[in-house]
Engineer: 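First the structure, then my questions, so here it is.
Remember, predicted model here, so these are calculated numbers, not experimental data. Side chains included, hydrogens not; waters and symmetry mates left out as well; all remaining heavy atoms used.
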Amino acid sequence: MRGFLLSFLLALTSCQAQGLPEPFAALEGGRVEEVRQVALGGEGYARMLSGWLLVDREEVPLAERAEYAWRYALFLEEVRAFEPGWEAKAAWRKAAFLLQKAQDPRAFSAWQRLLPEEEAVAALLSLGEGERLWEALFRGRAYEALLRVLPLGVRPDLRAQALFRLGRYGEALPFYREWAREDPRGYLGLGYALWRLGRREEALEALARYDHPESRYAQGRILEEMGRLLEAVAAYRRSTPEGLWRATGVLERLGLRREALELYLDLARGSSRYADDAALRAYFLARELGLGELGEEALSLVPGGLGLLLGKEPGPPPPAPSSSPPPEAPLVEALVASGKEAWARGVVRYALWQRPQDWPVLVPLLYRLGAYREGIRAAWPTAMAYPRPYRAWVEGYAQREGLDPDLLYALLHVESRFDPLAVSPTGALGLAQFLRSTWADVARMLGEPPADPFDPEASIRYAARYVRWLLERCSAFKGLEQLACALTAYNGGIGYTLRGIAREGDLYAFLRFQERDEPREYLAKVLAAYAAYRALP
């Protein structure tokens, strides 16, 4: 019976392989010499994949396997695919081991990518020395190892910064001073270290010796902390966009709204991440001050997303260039028909890596294969970057909760780029990026046990119900202002949002003076996506 089952499985494998196009049928067959022929003489993703399939085969020469591992790890690193099993780190670990065993000088570069892991540190210490080693350890955040091998009197800049990042500010001071004698940039780090130690006057003195926007921003922060607000504003004015943003807030709190308006407009005319929020705030300040002409200028500078709040209806994103179908399309369909969708995605990823200019015809293939995050990244900021996946669920659950489907699309676009397996660094999960606690809360609203947060239908259903609940909590507002309240609460929490509005006494004042940057940026992103979806057919 066991022999019959084995024969049946071998026959089944053979039939499946026959349905695959060459050279992928050879890879499915798994015969080392056939796979090796593809790795040595093939092309495209099949060549890349075949080499990777051989890296653990001892009968293949070591140097050859090391080469295969190197090129596949490099491919994964540059493609940056959002899919389990496509992480470059695991491939680099395999490549580093094989390259070191083969005494290939590229082993140093491979291990460097795995820092600050202890195994990588140990390998680099055995492979390198001098400047190359010190720079690698520093860039890889292996600060303790760097401090052990860096000779005293050499590269005080690296030693000072390593100590600072380890929180050893007092120990860093003499090395920052030594660095500053060679390069005035050392005064910036010296000022920050002294500030961390509470020695603010000394910090200001050090920072004043480095004439640079970043230094003036740090001076402004310290002066603001000390209550020397007008001096802080003077420093901020000559610093970074973030400094100008802080200066506007200080001026408003001091009642100097006309001065604040001028700075808001300066920011709004620029391209920093504060430009849109600055334009919105300038519009309201100009209206309050009766400065109609400046208000019109501010309104013209408010971009599409936040512009919705002021009644602006932007046009659609620019169309993608048209071009002929890519040569990979038949191969992709053949692989999908054979149940090899992962390989099909590899074919498209390789093509996009080699021919990034062909993105207008390759992105639809990525969408066809469910790789929305990669497709949106490649198509940005054209109309093609706004797909409508999961259409039946989005439209159905939006209608059930009385929502505009375009709003739900915009939310999912910003939260996960339509990746149902997305996991954020903070633990948010799935298409709609729920924390488990909020997911459980929505399940209770729906009167059911918590569903799987990685189930796309459940995620869309929960998102629609939660947005409706937030809109109800924000019922003190109407129209798009109610939506702005709900979206800020989706990111920052309903308690945070309602308390902030009550504290500031006004929705728009809260949007300006809220203590967190992320909800403010989140609102602008979702409204921008909402404007784009509304403008597209």
Engineer: Got more than 12 heavy atoms from elsewhere within 6.0 Å of CZ, R165?
Structural biologist: yes
Engineer: Could you tell me whether R516 sits above the aromatic face of Y496, with NZ or CZ closer than 6.0 angstrom to the six-membered ring centre and within 45 degrees of the axis?
Structural biologist: yes
Engineer: With a 3.5 Å distance limit and no angle check, can you tell me whether S338 reaches the backbone of G19 through a side-chain donor-acceptor pair?
Structural biologist: yes
Engineer: With ring centroids as reference points, do F97 and W92 lie under 6.0 angstrom apart?
Structural biologist: no
Engineer: Should L147 and L166 be marked as a side-chain contact (heavy atoms from CB on, under 4.5 Å) after you check the CA-CA gap, both sets of side-chain angles, and the distance that decides it?
Structural biologist: CA-CA 11 Å; L147 293 173; L166 290 169; 3.7 Å; yes
Engineer: Hey, is the main chain of L54 close enough, under 3.5 Å, to the side chain of E64 for a donor-acceptor pair?
Structural biologist: no
Engineer: Indicate yes or no: at least one non-hydrogen side-chain atom of L27 is less than 4.5 angstrom from one of W343.
Structural biologist: yes
Engineer: Tell me if a side-chain donor or acceptor on Y462 pairs with a main-chain N or O of A451 at a distance below 3.5 Å.
Structural biologist: yes
Engineer: Can you measure from CG (L352) to CZ (R345) and round to the nearest 0.5 angstrom?
Structural biologist: 15.0 Å
Engineer: Looking only at atom types and distance, does a side-chain atom of H413 sit under 3.5 Å from a main-chain N or O of Y530, one as donor and one as acceptor?
Structural biologist: no
Engineer: Take F75 and W52 through the test side-chain contact (heavy atoms from CB on, under 4.5 Å) and record every step on the way to the result.
Structural biologist: CA-CA 11 Å; F75 167 66; W52 181 245; over 6 Å; no
Engineer: The test is side-chain hydrogen bond (donor to acceptor under 3.5 Å, both in side chains); show your working for E328 and Y350 and say whether it passes.
Structural biologist: CA-CA 10 Å; E328 292 81 10; Y350 185 89; over 6 Å; no
Engineer: For the side chain of Y367 and the backbone of M384, is there at least one donor-acceptor N/O pair under 3.5 Å apart?
Structural biologist: yes
Engineer: Do L146 and W134 have side chains that get closer than 4.5 Å, going by heavy atoms?
Structural biologist: yes
Engineer: Using a 3.5 Å distance criterion without hydrogens, assess whether the side chain of Y533 forms a donor-acceptor pair with backbone atoms of P387.
Structural biologist: yes
Engineer: Any donor-acceptor pair under 3.5 Å linking the side chain of E87 with the backbone of G85?
Structural biologist: yes
Engineer: Could you give the distance from CG (L527) to CG (L483), rounded to the nearest 0.5 Å?
Structural biologist: 6.0 Å
Engineer: May I ask you to check if R388 and Y409 form a cation-pi contact, with NZ or CZ under 6.0 angstrom from the six-membered ring centre and within 45° of the axis?
Structural biologist: yes
Engineer: Crowded around E129 CD? As in, over 12 foreign heavy atoms under 6.0 Å?
Structural biologist: no
Engineer: Count the heavy atoms of every other residue, nucleotide or ligand shown that sit under 6.0 Å from CD of E77, and state whether that count exceeds 12.
Structural biologist: yes
Engineer: Could you go through the ring pair (Phe, Tyr, Trp, His ring centres under 6.0 Å) check for Y390 and F418 one step at a time?
Structural biologist: CA-CA 9 Å; Y390 311 109; F418 303 108; 7.0 Å; no
Engineer: Nearest 0.5 angstrom please: Y372 OH to S416 OG, how far?
Structural biologist: 11.5 Å
Engineer: Any chance you could measure S424, atom OG, to F434, atom CZ, to the nearest 0.5 Å?
Structural biologist: 13.0 Å
Engineer: Indicate yes or no: does R461 engage E457 in a salt bridge with an N to O separation below 4.0 Å.
Structural biologist: no
Engineer: Within the distance-only criterion (no hydrogens, no angle test), does the side chain of K312 pair as donor or acceptor with the backbone N or O of V302 below 3.5 angstrom?
Structural biologist: yes
Engineer: So do the side chains of E401 and V467 get within less than 4.5 Å of each other, counting heavy atoms only?
Structural biologist: no
Engineer: Check whether any side-chain heavy atom of S323 sits under 4.5 Å from a side-chain heavy atom of D358, and report yes or no.
Structural biologist: no
Engineer: Under 6.0 Å from the CD atom of E78, do we count more than 12 heavy atoms belonging to anything else shown?
Structural biologist: yes
Engineer: I'd like to know if R155 and E131 make a salt bridge, using a cut-off of under 4.0 Å between side-chain N and carboxylate O.
Structural biologist: yes
Engineer: Regarding R349 and the six-membered ring of W86, is the cationic atom NZ or CZ under 6.0 Å from the ring centre and inside 45° of its axis?
Structural biologist: yes
Engineer: Keeping the roles fixed (side chain from Q482, backbone from L471), state whether a donor-acceptor pair exists under 3.5 Å.
Structural biologist: yes
Engineer: Please report the interatomic distance CH2(W469) to CG(L446), rounded to the nearest 0.5 Å.
Structural biologist: 13.0 Å
Engineer: Under 4.0 Å between a side-chain nitrogen and a carboxylate oxygen: does that hold for E28 and K340?
Structural biologist: yes
Engineer: Carefully, step by step, assess Q354 and Y45 under the rule side-chain hydrogen bond (donor to acceptor under 3.5 Å, both in side chains).
Structural biologist: CA-CA 10 Å; Q354 292 293 300; Y45 178 65; over 6 Å; no
Engineer: Check whether any side-chain N or O of R113 sits under 3.5 Å from a backbone N or O of S109 as a donor-acceptor pair, and report yes or no.
Structural biologist: yes
Engineer: Can you tell me how far CG of L429 sits from CG of L435, rounded to the nearest 0.5 angstrom?
Structural biologist: 7.5 Å
Engineer: Please name the pair of heavy atoms, one in A531 and one in P314, separated by the smallest distance, quoted to 0.1 Å.
Structural biologist: CB-CG, 3.7 Å
Engineer: Report the C-alpha separation of W111 and E119 in whole Å, then their side-chain angles, then the decisive distance to 0.1 Å, and conclude whether the side-chain contact (heavy atoms from CB on, under 4.5 Å) test is met.
Structural biologist: CA-CA 8 Å; W111 281 117; E119 185 180 20; 3.8 Å; yes
Engineer: If you take all heavy atoms of L115 and V121, which pair is closest and at what distance?
Structural biologist: CD2-CG2, 3.6 Å
Engineer: Any side-chain heavy atom of Y522 within less than 4.5 Å of one from T488?
Structural biologist: no
Engineer: side-chain contact (heavy atoms from CB on, under 4.5 Å) for V361 and S324? Distances and angles first, verdict last.
Structural biologist: CA-CA 7 Å; V361 293; S324 303; 5.9 Å; no
Engineer: So that I can tick it off, tell me whether E58 and R65 are bridged by a salt bridge, with the cut-off set at under 4.0 angstrom between side-chain N and carboxylate O.
Structural biologist: yes
Engineer: Are more than 12 heavy atoms, taken from residues, nucleotides or ligands other than R400, located less than 6.0 Å from that residue's CZ atom?
Structural biologist: no
Engineer: Which atom names give the shortest non-hydrogen contact between P61 and R36, and what distance separates them?
Structural biologist: CD-NH2, 3.6 Å
Engineer: Using side-chain heavy atoms (C-beta onward) and a distance below 4.5 Å, is S50 in contact with L40?
Structural biologist: no
Engineer: What are the two closest non-hydrogen atoms of P241 and L267, and how far apart are they?
Structural biologist: O-CD2, 3.8 Å
Engineer: Would you call D104 and R106 a salt bridge, using N to O less than 4.0 angstrom?
Structural biologist: yes
Engineer: Run the numbers on R57 and E59 for salt bridge (Lys or Arg N to Asp or Glu O under 4.0 Å), then give the verdict.
Structural biologist: CA-CA 6 Å; R57 302 304 295 259; E59 59 267 46; 3.1 Å; yes
Engineer: Do Q161 and D157 have side chains that get closer than 4.5 Å, going by heavy atoms?
Structural biologist: yes
Engineer: Below 4.5 Å, heavy atoms only, C-beta onward: do L150 and F138 meet side chain to side chain?
Structural biologist: no
Engineer: Any idea which heavy atoms bring R417 and V414 closest together, and the distance?
Structural biologist: NH1-CA, 3.8 Å
Engineer: Please report the closest heavy-atom contact between E481 and L309, naming both atoms and the distance.
Structural biologist: N-CD2, 4.4 Å
